[in-house]
Amino acid sequence: MHDRPNEFLVRTAPFADQDKQAVYRAIHTRRDVRDQFLSDPLPDDLVRRLLEAAHAAPSVGFMQPWSFLLIRSARKREAIWQAFRRANEEAEAMFPVEQRDAYRSLKLEGIRKAPLNICVTCDPDRAGPVVLGRTHDPRMDAFSTVCAIQNLWLAARAEGVGLGWVSIFHESEVKALLGIPERIQIIGYLCLGYVDELYATPELEVKGWRKRMPLDDLIFEESWGQIAERPITPAAAVDLMSPGS
Ligand SMILES: Cc1cc2c(cc1C)N(C[C@H](O)[C@H](O)[C@H](O)COP(=O)(O)O)c1[nH]c(=O)[nH]c(=O)c1N2
């Protein structure tokens, strides 16, 4: 019985070097885009490819809990932006006083500039009350939806499309604006559009908000460890923000 080839399996091998490089390039050069969007509309077939990439993501129990709500109208994007604006004012006040000027100076969305917004939702009831793999941790449906978003983000990078994730709003306000029922969760509100420039390193690092942590601080063997204490807003970052540095 074991000698019989399984007709559902395909032979596999590592990618050719060039293909490997392409995958890593997409991963390492993907950026969160806020201000670089061009106004040209994205063609339908391109949007379809991005959504196919998202829909190919892993999901708990093969639940596929996601839906993709496409928003193109300027009127709706303006209403969403107003929800962002209100929440962003609240957000600013949550930071320590000494960080507020820096926070205010950051651009944190491209809702009106990006020609396409996609609200990615998660339906916790998509596969019935008991879901394989989610039996002991209900968060797994949301995690699956995040996997779909990351696929979309990487595919977008490969297509020359920028994507920015916006999470500064009250979920209930955006649900009301988009007719999303109470029981459905918003996982990601995404802004998409062509870009011809991207930051080479994360914009929040360039603007001195926070640095990428050394990977070696985050790797442990056998049992969890406390990371080394490091300042959140490094002195080097303050230098970066001051003119002439
Ligand atoms: C769940 C989640 C939510 C948000 C984000 C990301 C993720 C994963 N990011 C983008 C985030 O700031 C960005 O990924 C990091 O700064 C790292 O930069 P790059 O993505 O490498 O460019 C983000 N950015 C922003 O300007 N406004 C936002 O509301 C959010 N929200």
Side-chain angles (χ1 to χ4, degrees), residues 23-37 50 53-54 57 65-66 68 71 77 80-95 99-100 102-114 116-122 139-175 177 185-215 218 230 232-234 236-237 240-241:
V23 172
Y24 288 118
R25 185 171 164 221
I27 290 169
H28 290 293
T29 66
R30 179 213 52 78
R31 289 276 82 82
D32 188 69
V33 176
R34 294 124 180 151
D35 209 22
Q36 283 75 42
F37 294 111
L50 300 182
W66 43 72
F68 307 99
I71 303 132
R77 285 184 291 125
I80 302 280
W81 183 80
Q82 292 291 350
F84 159 81
R85 187 187 54 74
R86 287 189 292 273
N88 201 38
E89 279 172 19
E90 295 168 4
E92 183 187 319
M94 293 176 196
F95 288 95
Q99 277 188 297
R100 288 186 197 160
Y103 183 84
R104 202 178 315 115
S105 73
L106 297 170
K107 166 100 173 142
L108 294 173
E109 53 73 42
I111 298 166
R112 294 178 302 179
K113 204 166 181 192
L116 174 65
N117 292 186
I118 304 180
C119 184
V120 184
T121 59
C122 173
R139 300 173 304 168
M140 293 301 150
D141 50 14
F143 294 173
S144 303
T145 309
V146 173
C147 292
I149 294 174
Q150 179 69 351
N151 269 12
L152 205 163
W153 212 335
L154 293 173
R157 172 64 193 91
E159 297 273 8
V161 171
L163 185 155
W165 187 326
V166 185
S167 50
I168 305 163
F169 50 74
H170 291 281
E171 190 189 22
S172 56
E173 281 187 39
V174 173
K175 277 185 179 177
L177 286 167
Q185 294 172 279
I186 294 179
I187 303 298
Y189 191 90
L190 314 176
C191 305
L192 290 92
Y194 282 120
V195 283
D196 54 16
E197 284 184 326
L198 286 174
Y199 279 93
T201 47
E203 187 177 351
L204 291 191
E205 180 158 24
V206 172
K207 299 206 167 150
W209 186 258
R210 198 171 156 87
K211 291 204 286 188
R212 187 179 299 286
M213 302 169 77
L215 173 60
L218 308 174
R230 285 176 195 270
I232 307 174
T233 310
L240 262 172
M241 293 182 91

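Order of appearance sets the numbers: ligands from 1, and atoms from 1 within every ligand. Numbering starts at 1 and runs along the sequence shown. Computed from a predicted structure; not experimentally measured.
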Can an N or O of Arg212 be found at a distance shorter than 3.5 Å from an N or O of ligand 1? no
Using a distance-only test with no angle check, is there a side-chain donor-acceptor pair under 3.5 angstrom linking Arg212 and Thr201? no
Is Arg100 paired with Glu92 through a side-chain N to carboxylate O contact shorter than 4.0 Å? no
Among all protein non-hydrogen atoms, which one is nearest to atom 27 (N) of ligand 1, and what is the separation to 0.1 Å? Leu108 O, 2.9 Å
Carboxylate-amine/guanidinium contact Glu203 Arg34, below 4.0 Å: yes
Would you mind checking which non-hydrogen protein atom is closest to atom 21 (O) of ligand 1, with the distance to 0.1 Å? Arg31 NH2, 2.9 Å
Protein residue, atom and distance nearest to atom 20 (O) of ligand 1, heavy-atom basis: Arg30 NH1, 2.9 Å
Could an N or O of ligand 1 be found under 3.5 Å from any N or O of Glu109, whether backbone or side chain? no
What do you reckon, is CD of Glu197 surrounded by more than 12 foreign heavy atoms closer than 6.0 Å? no
Salt bridge present between Lys207 and Glu205 (N-O < 4.0 angstrom): no
Among Tyr189, Trp165, Trp153, closest by any non-hydrogen atom to atom 30 (C) of ligand 1: Trp165
How are the rings of Trp209 and Phe95 set to each other: parallel, tilted or perpendicular (split at 30° and 60°)? perpendicular
Counting from 1, what ligand 1 atoms have a heavy atom of Ile168 closer than 4.0 Å? 29 (O)
Can you list the ligand 1 atoms lying under 4.0 Å from a non-hydrogen atom of Val166? 28 (C), 29 (O)
Considering heavy atoms of the protein only, find what lies nearest to atom 24 (N) of ligand 1 and give residue, atom and distance to 0.1 Å. Asp32 OD2, 3.1 Å
List the closest protein heavy-atom neighbour of atom 17 (C) of ligand 1: residue, atom name, distance to the nearest 0.1 Å. Pro202 CB, 3.9 Å
Give me the residue, atom name and distance of the protein heavy atom closest to atom 26 (O) of ligand 1. Arg34 NE, 2.7 Å
Side-chain contact, heavy-atom cut-off 4.5 Å: Val166 with Leu190? no
One thing to verify: whether Arg85 and Glu89 come together as a salt bridge, which I'm taking to mean a side-chain N less than 4.0 angstrom from a carboxylate O. yes
Looking only at protein heavy atoms, which one is nearest to atom 16 (O) of ligand 1, and what is the separation? Leu204 CD1, 3.4 Å
Could you pull out, from Gly110, Ala91, Ala87, Ser167, the option with a heavy atom nearest to atom 3 (C) of ligand 1? Ser167
Just by distance, with hydrogens left out, do Asp32 and Tyr199 show a side-chain donor and acceptor under 3.5 Å apart? no
